[in-house]
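Working notes for the structure below.
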Amino acid sequence: MSEVIKTDVLIIGAGPAGLMAANEFQKRNVNYICLEKRSGPTQLSKALGIQARSVELLEFLGIHELFLRRGYPGPGMKMHLAGREPSYVELNHIKSRYPYLFILPQNEIEELFIANLAAQDAEVYMEHEVIEVKQSEEGVFVTALHHGVEKRYFAKYALACDGVRSQVRHYLDVPFIGADEGYTFFTSDVEIPGLNEIFINMHLNDRGAVALFPYKDGTYRVVGMDRARQGKNAPKEMPLEALQESLDRILDVPYRVEVPQWIRTFETAHRQVPDYRVGNVFFLGDAAHVNNPLGGQGMNLGLEDASNICWKMDLVLKGYAKDSFLASYNEERYPIAKEVIRDTTLELKAIEQTGVIGKLRNWAGKAVLSQNWVQPLVANYYSHIHHEYHKVKRNKEFKDKRLSRKAIQAGQRVPDQKLFFEGKSTARLYPFVQKHEFVCLIYIDCYERELIDYAQTFKKLVESVYPGMMKVFVVARGGTLHLEEEALPIIYDVHRHLDLGIGMEKGSTLILRPDGHVLFHDLSMDAQVMIDKLGAYFQ
């Protein structure tokens, strides 16, 4: 019998979600092991767009620049719906420092995640095929096959990141509820000599749909649905001639495609596990949910899943939070994927319409996209920055009704803000989150003895009850503050971003989570009340 290798967390699967989780745990010095069946990163480009919210999460990890150096920012989409002139969806409306769809294929995304781990002497255990998963009250037992040798692992928790055909789901008999949608799509990476674009081009008509995504190297991702090739049990491999035939049929101005790196067909489906936690196993990414590829949602959902569960699991392992707190992962993430599944399913049904209804869809779509107020709605929706948690019951209980209506409350995403800190007029809020994880801002406005005493007392209490967890700052609009005793670091809200932008006011305390959402925003000005609220939040 082989020796049992023990760790705190087992990550099963090293696709984008699993690798994001590994990098999250690496940052927090969590003891983890990541197992992957493949011998290395995927050789296929697969997913190709990192949404704005995902780039923000990469910034909180401190690795976003590694990615930004490799791809390019896609400015938007041309929608060829009706008439000769296309309609534009401009992404500069996204309310983020990253107002674009960042184009970078999945194989490079995985390579960068693995390279960042390697730079810290961490590795993914490749060629480890999981062949058994069992649970007990103490944790999770996993057996993996590595070059014909069985290796046994035990962990307090396991993250199932092993994709749409998850073996973990199979071993634990977890249902994957949903349906096949009955559509066959084709996808390929090719050269298109007659096309020179920076915009994504989407063509939709009675004959089918085609999207052309430009890559940094001048090649293109082609994704489409040919109505003439539906319901024919298409083989997974598609010859170049068949791809060209479909493009010639669908596009009004056909383009010659050459030098395919790969061509595949795939069937669309929408499915979701009923609960993202089963015992001590948590499901992430495609192992938890799957939807059709419209809008580039799937991979980004997985990255966001990993960001959500990892900081919470770290708190539990360090004893700051109770195991029951991990229920908040399913509470927050399940509704997000459910919404995406609903919307992409409806979008696919809309694309399927032909004849008079299809023409009405095209003309209506063109008319709507011509309205200036629509552009920000579309751009921000697909960017994922609207994925917030303030409607979750746990977070609604921490809403402070004394705050103004513009105040950001528990569960909401905090946009990056301009600050003045340590003489740097270009300081920003997000690097504070990246460095300190939990950030507490106490808005004192100007020198006031009662507020300064409160800030000092809260800092001492939080360091006593949650040592090393949180960094406390006081916020003033300007001027000179002389803080007695051990001085608290001061942020000057000279740009009025914290005041006018997120609704902070004199006496309010805003605590940010490591994922950039609000833990809670409170006007109590009572240090013990605040500590008690933290304890209640982490239950």
Side-chain angles (χ1 to χ4, degrees), residues 48-49 51-52 72-95 98-103 183 185-216 218-228 243-258 292-297 343-344 346-383:
L48 79 164
Q51 301 288 359
Y72 79 94
M77 180 183 293
K78 291 181 181 179
M79 298 286 290
H80 300 265
L81 296 173
R84 293 184 177 181
E85 295 300 319
S87 299
Y88 284 80
V89 176
E90 298 274 7
L91 299 183
N92 63 292
H93 299 286
I94 296 173
K95 295 179 181 179
Y98 310 104
Y100 42 76
L101 174 67
F102 192 73
I103 305 297
Y183 298 99
F185 278 69
F186 56 81
T187 181
S188 179
D189 285 351
V190 295
E191 293 182 7
I192 308 180
L195 187 61
N196 183 19
E197 269 288 356
I198 62 170
F199 279 84
I200 299 166
N201 272 252
M202 177 70 186
H203 300 260
L204 178 60
N205 53 48
D206 280 1
R207 302 178 298 277
V210 172
L212 306 170
F213 299 82
Y215 283 135
K216 190 175 183 178
T219 62
Y220 290 83
R221 163 70 60 83
V222 178
V223 181
M225 180 186 72
D226 184 350
R227 297 190 198 281
L243 173 64
Q244 186 67 65
E245 181 182 314
S246 287
L247 294 178
D248 290 345
R249 180 165 33 246
I250 298 168
L251 299 177
D252 293 324
V253 180
Y255 294 102
R256 180 65 49 188
V257 292
E258 301 176 353
N292 67 59
L294 298 178
Q297 310 286 291
D343 292 349
T344 53
L346 290 173
E347 289 166 13
L348 188 54
K349 288 180 178 178
I351 286 175
E352 192 226 3
Q353 302 301 318
T354 59
V356 174
I357 296 177
K359 287 183 173 62
L360 287 173
R361 172 207 58 214
N362 288 351
W363 285 108
K366 191 172 183 66
V368 168
L369 290 174
S370 68
Q371 304 298 311
N372 291 334
W373 62 271
V374 172
Q375 291 284 325
L377 293 178
V378 175
N380 285 290
Y381 172 81
Y382 284 110
S383 72

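If you're wondering where the values come from, they're calculated on a predicted model, not measured in any experiment.
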Please check: side-chain N/O of Tyr220 versus main-chain N/O of Val257, any donor-acceptor pairing under 3.5 Å? no

Of the non-hydrogen atoms in Val89 and Gln375, which two are nearest, and what is the gap between them? CA-OE1, 3.3 Å

Value for CD1 (Ile200) from CD1 (Ile198), rounded to nearest 0.5 Å, stands at 11.0 Å

Nearest heavy-atom contact between Leu91 and Leu101 is CD1-N, 3.4 Å

To the nearest 0.5 Å, atom CE of Met202 lies from atom OG of Ser87 at 12.5 Å

Counting only heavy atoms not in Lys78, do more than 12 sit closer than 6.0 Å to its NZ atom? yes

Nearest heavy-atom contact between Pro214 and Glu197 is CB-O, 3.4 Å

How long is the straight-line distance from OH of Tyr183 back to CG of Asn292, given to the nearest 0.5 Å? 9.5 Å

Can you check whether Tyr88 and Phe199 have ring centres sitting under 6.0 Å from each other? yes

Going by the angle between their ring planes, with limits at 30° and 60°, are Phe102 and Tyr100 parallel, tilted or perpendicular? tilted

Considering residues, nucleotides and ligands other than Lys216, do more than 12 of their heavy atoms fall under 6.0 Å from its NZ? yes

To the nearest 0.5 Å, how far apart are NZ in Lys349 and OG1 in Thr344? 11.0 Å

Indicate whether any N or O donor in one side chain lies under 3.5 Å from an N or O acceptor in the other, for Asp189 and Tyr215. yes

Has the side chain of Asn205 got a donor or acceptor atom that lies under 3.5 Å from a matching backbone atom of Gly208? yes

Within this structure, what is the NE2-CD1 distance for the pair His80 and Ile250, rounded to the nearest 0.5 Å? 13.5 Å

Using the rule side-chain contact (heavy atoms from CB on, under 4.5 Å), only one of Val222, Thr219, Leu247 pairs with Ile192; which is it? Val222

Arg256 (side chain) donor-acceptor with Gly194 (main chain) under 3.5 angstrom: no

Between Arg207 and Asp252, does any NZ, NE, NH1 or NH2 come within less than 4.0 Å of an OD or OE carboxylate oxygen? yes

Before giving the answer on side-chain contact (heavy atoms from CB on, under 4.5 Å), spell out for Gln51 and Tyr98 the whole-Å C-alpha distance, their side-chain angles and the decisive distance to 0.1 Å. CA-CA 9 Å; Gln51 301 288 359; Tyr98 310 104; over 6 Å; no

Look up atom OH in Tyr255 and atom CG in Leu212, then write down how far apart they are to the nearest 0.5 Å. 7.5 Å

Heavy-atom closest pair, residues Glu90 and Ala379: O-CB, 3.7 Å

